[in-house]
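Start at 1 and go down the list; that is how both ligands and their atoms are numbered. Atom set for the values below is all heavy atoms of this structure, side chains included, hydrogens, waters and symmetry mates excluded. Here the structure is a predicted model, which means the values were calculated and not measured.
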Amino acid sequence: MIERTFVMVKPDGIGRRLLGEVVRRYEAKGLKLIGLKMQVISTALAEQHYAEHRQKAFYSDLVSFITSGPSVQMVWEGPNAIAVIRQLNGATDSQQADRGTIRGDFGMTIRNNIVHASDSTETARREIGLFFDETELMRYPMPDDGWLGA
Ligand code: CMP
């Protein structure tokens, strides 16, 4: 099934000049970029984005970290894009993430884990809606749309 998923390259990923590496890996895999923006997200938006973690001990630290500098928000599309991107990103805790994944290759901690990606279709819909208007999402053909079932 063709899915859309939301990805954020966090302030540590931007600070370490890893944006291009993240985009390159998703493109090389065959995913399609349909939305992209850069901003320092507000505390209010960060709190909405991470609402499910409100009760966790690390919540206030997470909100300060994600708002501490510019981050890049993206929407990627492709067959099973949600699971495919989570596989490319690796486990949340960078130290547990497999080598060959973004977090496994570049991360050292659970908080500074470079990227965030949606974990389900429902989360993807909610997160895309928080950061993008439908008019900001591009519809365009790719040469391999046919063979990918797009
Ligand atoms: P993310 O996929 O953005 O979703 C929630 C984030 O909380 C997670 O990645 C980590 O960056 C962060 N996180 C999860 N567990 C911890 C923890 N124990 N301590 C600090 N940050 C955490």
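Looking at residues two or more places apart in sequence or on another chain, you find a side chain to side chain donor-acceptor pair (under 3.5 Å) between Arg4 and Glu77, Glu134.
Using a 4.0 Å heavy-atom criterion, the residues that approach ligand 1 are Lys10, Tyr50, His53, Phe58, Leu62, Thr92, Arg103, Ile110, Arg111, Asn113, His116.
Listed by first then second residue, pairs satisfying salt bridge (charged side-chain N to carboxylate O under 4.0 Å, His left out) with a partner in residues 109-132 read Asp61-Arg111, not counting sequence neighbours. For residues 84-93, no pair satisfies salt bridge (charged side-chain N to carboxylate O under 4.0 Å, His left out), with sequence neighbours left out.
Cation-pi check for Lys56 over Tyr50 is not met; the charged atom does not lie both under 6.0 angstrom from the ring centroid and within 45 degrees of its normal. Note that Lys10 lies outside the cation-pi zone of Phe65, set by a 6.0 Å cut-off to the ring centre and a 45° limit from the axis.
Asp145 and Tyr140 are not linked by any side-chain donor-acceptor pair at a separation below 3.5 angstrom, with hydrogens and angles left out of the test.
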